[in-house]
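Just so it is clear, the values below take in all heavy atoms, side chains as well, and ignore hydrogens, waters and symmetry mates. Note that ligands are numbered from 1 as they come in the structure, with each ligand's atoms numbered from 1 the same way.
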Amino acid sequence: MPKLRVHGFSISLDGYGAGPNQDLDNPLGVGGVALHEWLFATRTFQQRFGRDGGATGVDDDLAARGFTNIGAWIIGRNMFGPVRGPWPDDSWKGWWGDNPPYRGPVFVLTNHPRASVVMGGGTTFHFVTDGIHAAMQRATEAANGRDIQLGGGVSTIKQYLRAGLIDEMHIAISPILLGSGEHLFAGIDTPKLGYRCTEHVASANATHAVLTKGC
Ligand SMILES: NC(=O)c1ccc[n+]([C@@H]2O[C@H](COP(=O)([O-])OP(=O)(O)OC[C@H]3O[C@@H](n4cnc5c(N)ncnc54)[C@H](OP(=O)(O)O)[C@@H]3O)[C@@H](O)[C@H]2O)c1
């Protein structure tokens, strides 16, 4: 049975997965880019953007897991970009340039319909307007037996957590405080939903924890 997996989702020490006031200059909200410092430094991240170098070690090992046996992605519309409301045109194609790191089908949850966007490197963005279960069904079909990665953002992950659909979730706790923004676990009773921490390891840049459902 394919799994729904979250990988490398970064939160601050005070629990935020994004800072406030996302805009074109602040994809992760104000101050939020620091959440991903541990990831930017890794060899896996550099390679995904066609660059050499990057660090190996604990952070890289965890980052690399996020690209293993993944056949499709699901993300929320705010992770895809800063455009809100009905799409004014087709010009916004994500933050990631012509060759996004996904290299497969990406299902974007939104209330505003839009035609699919084919990008370089195998990534296609499909826009799903009929909810999380429909996105899951489409991603499962597209993944063809492989797992599905739930990329974020916070609201999207919370919906799938509450629905009990996430099998495994790697969070990276970065040593920063944000004070406000999008809080990952507020209002979510993870033990009651059947999750427990099955793995944890620290690097100089982050503390990594894996939450697993039903074990
Ligand atoms: N810390 C990390 O590792 C990490 C990872 C990924 C993203 N992020 C950050 O998280 C922030 C985005 O998180 P977020 O919580 O604001 O938003 P999000 O989960 O990315 O997207 C929320 C939006 O997606 C659409 N949507 C979500 N669920 C839907 C549903 N069931 N049916 C229809 N539409 C649905 C709605 O947009 P519309 O109604 O406008 O269509 C909703 O406002 C960004 O700053 C991003 O960079 C952080």
Side-chain angles (χ1 to χ4, degrees), residues 4-42 44-45 48 59 62-63 65-67 70 73-88 92 94-96 100-102 106-115 125-139 149-163 165-166 169-178 180-188 205-211:
L4 183 64
R5 295 159 39 194
V6 174
H7 284 276
F9 195 85
S10 309
I11 61 172
S12 59
L13 285 174
D14 49 352
Y16 294 95
N21 304 321
Q22 185 204 48
D23 61 20
L24 207 50
D25 297 324
N26 298 284
L28 282 122
V30 174
V33 72
L35 291 168
H36 279 339
E37 287 300 332
W38 69 272
L39 177 65
F40 297 147
T42 63
T44 296
F45 182 86
R48 278 273 147 176
D59 294 330
L62 270 295
R65 284 192 206 177
F67 296 101
I70 297 296
W73 295 67
I74 299 172
I75 67 174
R77 194 257 179 97
N78 298 357
M79 175 170 168
F80 179 67
V83 183
R84 301 288 189 269
W87 303 96
W92 181 264
W95 306 98
W96 305 277
Y102 306 104
V106 181
F107 296 88
V108 183
L109 281 165
T110 177
N111 288 296
H112 301 280
R114 182 176 165 182
F125 295 112
H126 302 284
F127 299 88
V128 181
T129 54
D130 40 4
I132 64 167
H133 293 93
M136 181 82 186
Q137 191 178 335
R138 289 184 62 185
Q149 180 158 169
L150 186 61
V154 174
S155 147
T156 295
I157 289 183
K158 289 177 96 154
Q159 291 179 66
Y160 280 98
L161 268 177
R162 286 195 174 106
L165 290 171
I166 297 175
M169 180 162 166
H170 160 223
I171 52 172
I173 303 156
S174 293
I176 61 161
L177 295 166
L178 285 175
S180 64
E182 306 304 323
H183 202 284
L184 182 62
F185 290 120
I188 306 265
N205 306 313
T207 298
H208 300 274
V210 177
L211 309 184

Original post:
Taking N or O atoms only and a 3.5 Å limit, does R77 qualify as a polar contact for ligand 1?
Top reply: yes
Subject >> By ring-ring contact (aromatic ring centres under 6.0 Å, His included) - contacts of Y16 (at least two apart) >> reply: H183
**OP:** Tell me, please: is G181 in heavy-atom contact with ligand 1, that is, under 4.0 Å?
**Re:** no
**OP:** Measure the distances from the heavy atoms of G32 to every atom of ligand 1 and state whether one is below 4.0 angstrom.
**Re:** no
Subject >> N/O separation below 3.5 Å, I11 to ligand 1 >> reply: no
Original post:
Less than 3.5 Å between some nitrogen or oxygen of G85 and one of ligand 1, yes or no?
Top reply: no
Subject >> Among G81, S155, P27, S10, closest by any non-hydrogen atom to atom 15 (O) of ligand 1 >> reply: S155
Original post:
Atoms of ligand 1 less than 4.0 Å from H36 heavy atoms?
Top reply: 2 (C), 3 (O)
Original post:
Do R77 and W87 meet the cation-pi criteria used here (NZ or CZ under 6.0 Å from the six-membered ring centre, within 45° of the axis)?
Top reply: yes
Subject >> K158 touching ligand 1 at heavy-atom level, < 4.0 angstrom >> reply: no
Atom pairs and distances, donor-acceptor, side-chain atoms in residues 125-139, under 3.5 Å, two or more places apart:
unit_1, atom_1, unit_2, atom_2, d
H126, ND1, S116, OG, 2.8

**OP:** Decide whether R114 and H112 meet the rule of one side-chain donor and one side-chain acceptor closer than 3.5 Å.
**Re:** no
Original post:
Has ligand 1 got any nitrogen or oxygen that is less than 3.5 angstrom from a nitrogen or oxygen of M79?
Top reply: yes
**OP:** Flag the pair V106 / M79 as yes when at least one side-chain heavy-atom distance between them is below 4.5 Å, and no otherwise.
**Re:** no
**OP:** Could you tell me if any non-hydrogen atom of R84 lies under 4.0 Å from any atom of ligand 1?
**Re:** no
Original post:
Step by step, would you call V108 with W73 a side-chain contact (heavy atoms from CB on, under 4.5 Å)?
Top reply: CA-CA 8 Å; V108 183; W73 295 67; over 6 Å; no
**OP:** Could you tell me whether Q22 approaches ligand 1 through its side chain, its backbone, both or neither, with non-hydrogen atoms closer than 4.0 Å?
**Re:** side chain
Original post:
ligand 1 versus A18, non-hydrogen atoms closer than 4.0 Å: side chain, backbone, both, neither?
Top reply: side chain
Subject >> Short N or O distance, V128 and ligand 1, threshold 3.5 Å exclusive >> reply: no
